[in-house]
Amino acid sequence: MTQATQHGLALRYGDTDSTIPENWNPILDQLVNHRSVRAFNDKPLPEGTLEALIAAAQSAATSSNLQVWSVIAVQDPSRKARLAELAGNQAYIRQAPLFLVWLADLSRVSRVAARAGVELEALPYIESLLLGTIDASLAAQNAVVALESMGLGSVYIGAIRNDIKSVAKELELPPQVYPVFGMCVGYPDAERPAQVKPRLPQAAVLHHERYSAESELSSIEQYDQRLGAFYQQEGMKAAGWSEQVVNRLRSISSLHGREELVSALQQMGFGLR
C-alpha cells in the first residue's frame, strides 16, 4: 500500500517523499485519488445504487439535526438535456446516467412549523440559508466518497446556479428551496480517463495556531509551475493557478448569471437578513 500511497500523494502534491502515518488506510488512498470525471460510458447503474448513495449522504453531519437539504435524482434524458442547457451546455450532464441536483431546503421545516401553528422567526436570516447550503454540501461529499468506493465517478456542476429560477421551474421547487449544485454520476469512460489534478501545497492552506501568509508566495509559485505542467500534459492551455484565479474572478461576466443570486433567492422565498 505504501507504493500506491506515495504515487497518489505525488500526483496530488508533486512530493515523492511524503511522510505516511502508520494509521494510513485504503479510505485515505481513495480520497487522495479523487478526480472529477467528465466522460461516462453507457453502463447502467446497478439496482439500489441511488438508495445506497442517499444512505451515505444522510449519514453526513447536519447542523442541530435540522436536515435542511434534499436532492432530486434526474434520469429522464429530456430533463437532463434541459438542465444541461441551463448549466452552460455541459455535455456530460446528458451523458451521465444519473444527475443529482442537491438542494438547500428550508421548505420542509416551514411545513413542520405550519402544522404546529408556529412562526419560525429565525428562518429569514442568512444563517438559515447557510445551514441548508452547508448541509447539502456535506451530504453530497459523503455521496461522492460512497460512489467512488463502488467504482463510479462524478463531477460537481456549479453552473446549475447560472439560472436558479429556471432550474426551480424545471424541477418544480417550492419556495424556500434552491439548487446548490448538480452532480453527474456514472461509470468513467476508460477510453477518456480523468486524471488527478494537483492541489496547492499544504503550506498554503494549513496554518498552525494562527493565520499566516508568510510562506504563501513561494507555495503559490511552486504550484503555478506544477499546475501549468499538468494542463500542458492534458493538452490544455498551460496557465498557472495565479493566472487562472485572476481570469476567473476579474470580471462579473465570468459569473454567467450568478451575479443575480441574491435577487433570485429573495424571489424564491429566502430572507437574507
Side-chain angles (χ1 to χ4, degrees), residues 1-41 43 45-46 49 52-53 55-57 59-61 92 95-96 98 100 102 137-158 181-208 215-216 218-245 248:
M1 182 170 69
T2 301
Q3 186 174 359
T5 298
Q6 289 283 14
H7 178 66
L9 290 170
L11 290 175
R12 188 62 77 193
Y13 293 116
D15 184 356
T16 58
D17 193 30
S18 299
T19 300
I20 302 173
E22 292 181 1
N23 56 351
W24 191 274
N25 58 69
I27 293 176
L28 290 169
D29 278 328
Q30 178 189 316
L31 290 169
V32 168
N33 281 280
H34 165 76
R35 70 281 312 272
S36 294
V37 174
R38 293 179 173 85
F40 301 91
N41 63 33
K43 182 179 177 181
L45 305 184
T49 298
L53 298 184
S59 299
Y92 24 93
Q95 185 186 54
L98 174 63
L100 298 175
W102 298 88
S137 301
L138 294 173
Q141 189 58 27
N142 252 31
V144 168
V145 175
L147 67 86
E148 289 183 348
S149 76
M150 303 164 79
L152 298 167
S154 67
V155 61
Y156 284 98
I157 306 295
F181 43 69
M183 180 189 293
C184 300
V185 179
Y187 285 100
D189 185 345
E191 295 184 2
R192 292 180 290 171
Q195 303 300 325
V196 173
K197 183 180 292 184
R199 291 289 195 252
L200 282 163
Q202 288 193 7
V205 301
L206 174 61
H207 305 267
H208 295 275
S215 62
E216 182 177 86
S218 60
S219 294
I220 290 177
E221 288 176 340
Q222 173 190 346
Y223 184 55
D224 280 340
Q225 294 179 4
R226 289 192 55 239
L227 190 63
F230 171 82
Y231 283 144
Q232 188 172 30
Q233 179 181 321
E234 293 296 299
M236 302 166 65
K237 181 183 176 183
W241 183 73
S242 296
E243 182 181 346
Q244 186 178 36
V245 167
R248 174 63 176 80

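Everything quoted here is computed from the prediction, not taken from an experiment.
- In this structure, Trp102 and Phe181 have tilted ring planes: the angle between them lies in the 30° to 60° band.
- Counting heavy atoms from C-beta on, the side chains of Tyr92 and Ile157 come closer than 4.5 Å.
- Residues Thr49 and Leu98 have side chains not in contact (no heavy-atom distance under 4.5 Å, counting atoms from C-beta outward).
- Distance alone, capped at 3.5 Å, is enough to place a donor-acceptor pair between the Tyr223 side chain and the Pro198 backbone.
- Across all their heavy atoms, Tyr187 and Pro46 have their closest contact at OH-CD, 3.3 Å.
- The backbone N or O of Leu31 sits nowhere less than 3.5 Å from a side-chain atom of Glu148 that would complete a donor-acceptor pair.
- Residue Asn33 comes nearest to Val196 through the heavy atom pair O-CG2, 3.8 Å, listed as atom of the first residue, atom of the second, then distance.
- Met183 and Ser154 make their closest contact through CG-CB, 4.0 Å (heavy atoms, listed as atom of the first residue, atom of the second, distance).
- Between the side chain of Arg226 and the main chain of Tyr13, a donor-acceptor pair closer than 3.5 Å is present.
- Contact annotation: the side chain of Leu9 approaches that of Thr5 to within less than 4.5 Å [non-hydrogen atoms, C-beta and beyond].
- The minimum heavy-atom distance linking Arg12 with Val32 is given by the pair NH2-O, 2.9 Å.
- Taking CD from Gln195 and CG from Leu11, the interatomic distance works out to 8.0 Å, rounded to the nearest 0.5 Å.
- When all heavy atoms of Val145 and Gln30 are compared, the pair lying nearest together is O-NE2, 2.7 Å.
- Sorted by first and then second residue, the pairs that involve residues 184-207 and meet salt bridge (Lys or Arg N to Asp or Glu O under 4.0 Å), not counting sequence neighbours, are Asp189-Arg192.
- No side-chain heavy atom of Leu200 sits under 4.5 Å from any side-chain heavy atom of Ser219.
- Here the side chains of Trp24 and Asp29 are in contact, with some heavy-atom distance below 4.5 Å.
- The neighbour count for His7 NE2, taken as heavy atoms of other residues, nucleotides or ligands under 6.0 Å away, does not exceed 12.
- Other residues, nucleotides and ligands contribute more than 12 heavy atoms inside 6.0 Å of the CG atom of Leu206.
- Between Tyr156 and Ser36, every side-chain heavy-atom pair lies at or beyond the 4.5 Å cut-off.
- Gln225 CD: 12 or fewer foreign heavy atoms inside a 6.0 Å radius.
- His207 pairs by the ring-ring contact (aromatic ring centres under 6.0 Å, His included) definition with Tyr211, not counting sequence neighbours.
- The minimum heavy-atom distance between Ile220 and Ser242, with the atom names listed, is CG2-OG, 3.2 Å.
- Residues that satisfy the side-chain contact (heavy atoms from CB on, under 4.5 Å) test with Gln232, not counting sequence neighbours, are Ala238.
- Atom CG of Leu227 is separated from atom CD of Gln222 by 12.0 Å, given to the nearest 0.5 angstrom.
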